[in-house]
A.B. asks: 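Have a look at this one before I ask anything.
We use all heavy atoms of the structure for the numbers below, so side chains are in, but hydrogens, waters and symmetry mates are not. Start at 1 and go down the list; that is how both ligands and their atoms are numbered.
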Amino acid sequence: MRVLLTGGAGFIGSHTAVSLIEAGHDVVVVDDLSNSNSESLRRVEKITGVAVQFIKADLADKSEATAALERSDFEAVVHFAGLKAVAESVQQPLAYYRTNLDTTLNVLDVMRSRHVTQLVFSSSATVYGSPQTNPIDETHPVGVGITNPYGWTKAMNEQIIRDVQSAWPELSATLLRYFNPVGAHPSGLLGEDPAGIPNNLMPYVAQVAAGRRERLRVFGANYDTVDGTGVRDYIHVVDLAAGHVAALLNAAPGLSLYNLGSGIGYSVLEVVKAFEKAAGRPVPYELAPERPGDVATSIANPARANSELGWRTRLELEDACRDAWNWQSKNPEGFRRT
Ligand code: UFG
């Protein structure tokens, strides 16, 4: 299959490019590089030995999207492109709604006019808002307790895709709700490259271990969890990438929906311990107030993806810590200075 990856130069997109190529597919990447670096695609080429076609374009711009996608042939789309920083979305709601919704509308328009009928959408466990139960399965209500515009753009994009699919039944649309992607490619060539201060736990911990930041602030120590700190379902990005390949091959026809997670939760302090062990270095931390909008616990029930997609996580938290540390050590400045 020839697969278009929107936002394919980013963290999850670039790892998915590797998995798709290794499974024998061709990939075309479109990315505006607003929060990524085309060096990631050179690394994909280095890992796979296969050239990646790259088109630089902002898909939120209708004419740019149409022009960019006219130049290439593809039979399926994996749509990652979008803004993703939760706190920034609270500060800049218009930018988030405009970029994340327009991009999806334009991708769907182009697919429709080109008769491309297979879509996989990069959604998020954030659509479950403040979860009523854990582990969370796909029947859990969506939208209740979403606390930020980023989360709403994921929920709204899911709704847009549902509505388009019911008006256009030939469209096979798969919504993948990711839990917490972490880790890096085991080669040390690809990994997460946040601009500025990392928002997410594992890249922050990696920078503390490397001595780039003094100490981690642990947001909240009084949650109703094993040790009072927030619990999440961390999924190795290589497993997550494999989930996209499985979805392209095995998803149920029509509209389908899958959680991608491991089913296991770890607290912030358990992640710190695991990282210290993997890196062989201390990760100093201090307890800090809860981060607004955070939930105590978010753990996937991945049973549907396990049975229908024939997919399950294979890697553990310790693999993710080892690979994130390898990436951090080999690329202290991310893709920028290599
Ligand atoms: N945390 C800290 N200190 C930090 C960063 C995070 O203690 O410096 C804690 C958080 O409070 C939370 C846990 O580490 O308990 C994980 O936080 P992340 O920011 O890594 O991840 P989130 O669960 O907040 O968010 C992630 C993605 C979102 C997505 C959401 C879905 O970043 O894009 O999962 O649940 F929407």
A.B. asks: Tell me: protein heavy atom nearest atom 20 (O) of ligand 1, and distance?
C.D. replies: L201 N, 2.8 Å
A.B. asks: What atoms of ligand 1 come within less than 4.0 Å of a heavy atom belonging to N199?
C.D. replies: 5 (C), 19 (O)
A.B. asks: Considering non-hydrogen atoms of the protein only, which is the closest contact for atom 16 (C) of ligand 1, and what is the distance?
C.D. replies: Y234 OH, 3.5 Å
A.B. asks: Assess, by modelled atom type and distance only, whether the side chains of T297 and N134 contain a donor and an acceptor separated by less than 3.5 Å.
C.D. replies: no
A.B. asks: Would you tell me whether Y234 and S262 have side-chain atoms, one donor and one acceptor, within less than 3.5 Å of each other?
C.D. replies: no
A.B. asks: Taking 4.0 angstrom as the limit and counting only heavy atoms of S124, give me the atoms of ligand 1 inside it, by number and element.
C.D. replies: 29 (C), 31 (C), 36 (F)
A.B. asks: Going by the closest heavy atom to atom 15 (O) of ligand 1, which one wins out of A296, A288, G230?
C.D. replies: G230
A.B. asks: With a cut-off of 4.0 Å, which atoms of ligand 1 are near a heavy atom of R217?
C.D. replies: 2 (C), 3 (N), 4 (C), 7 (O), 8 (O)
A.B. asks: Enumerate the atoms of ligand 1 whose separation from the nearest heavy atom of V218 is less than 4.0 angstrom.
C.D. replies: 7 (O)
A.B. asks: Which protein non-hydrogen atom lies closest to atom 28 (C) of ligand 1, naming both residue and atom, and how far is it?
C.D. replies: Y150 CE2, 4.1 Å
A.B. asks: Rounded to the nearest 0.5 Å, what's the gap from CH2 on W311 to CG on N306? Could you check?
C.D. replies: 7.0 Å
A.B. asks: Any idea which atoms of ligand 1 are less than 4.0 Å away from a heavy-atom of L216?
C.D. replies: 3 (N), 4 (C), 8 (O)
A.B. asks: Which ligand 1 atoms, with their elements, are less than 4.0 angstrom from a heavy-atom of T126?
C.D. replies: 31 (C), 35 (O), 36 (F)
A.B. asks: Going by heavy-atom distance to atom 17 (O) of ligand 1, choose the closest among R177, R232, R215, R291.
C.D. replies: R291
A.B. asks: Starting from atom 11 (O) of ligand 1, which protein heavy atom do you reach first, and at what distance in Å?
C.D. replies: D294 OD2, 2.6 Å
A.B. asks: In this structure, would L176 and F11 fall into the same cluster of hydrophobic residues linked by side-chain contacts under 4.5 Å?
C.D. replies: yes
A.B. asks: Please report the closest heavy-atom contact between D58 and D32, naming both atoms and the distance.
C.D. replies: CA-CB, 3.9 Å
A.B. asks: Taking atom NE2 of H185 and atom OG of S40, what is their separation to the nearest 0.5 Å?
C.D. replies: 13.0 Å
A.B. asks: Should the pair R322-D319 be classified as a salt bridge under the 4.0 Å nitrogen-to-oxygen rule?
C.D. replies: yes
A.B. asks: Strictly by modelled atom types, are Y96 and E88 linked by a side-chain donor-acceptor pair under 3.5 Å?
C.D. replies: yes
A.B. asks: Would N200 and R232 count as having a side-chain donor-acceptor pair, cut-off 3.5 Å?
C.D. replies: no
A.B. asks: Tell me the nearest of Y285, Y204, Y178, F219 to atom 4 (C) of ligand 1, using heavy-atom distances.
C.D. replies: F219
A.B. asks: At what distance is the nearest protein heavy atom to atom 9 (C) of ligand 1, and which residue and atom is it?
C.D. replies: V268 CG2, 3.6 Å
A.B. asks: Look at atom 22 (P) of ligand 1 and say which protein heavy atom is nearest, naming residue and atom and giving the distance to 0.1 Å.
C.D. replies: N180 ND2, 3.5 Å
A.B. asks: Identify the closest protein heavy atom to atom 32 (O) of ligand 1: which residue and atom is it, and at what distance?
C.D. replies: N200 ND2, 2.7 Å
A.B. asks: Side chains of T104 and H79: any donor to acceptor distance under 3.5 Å?
C.D. replies: yes
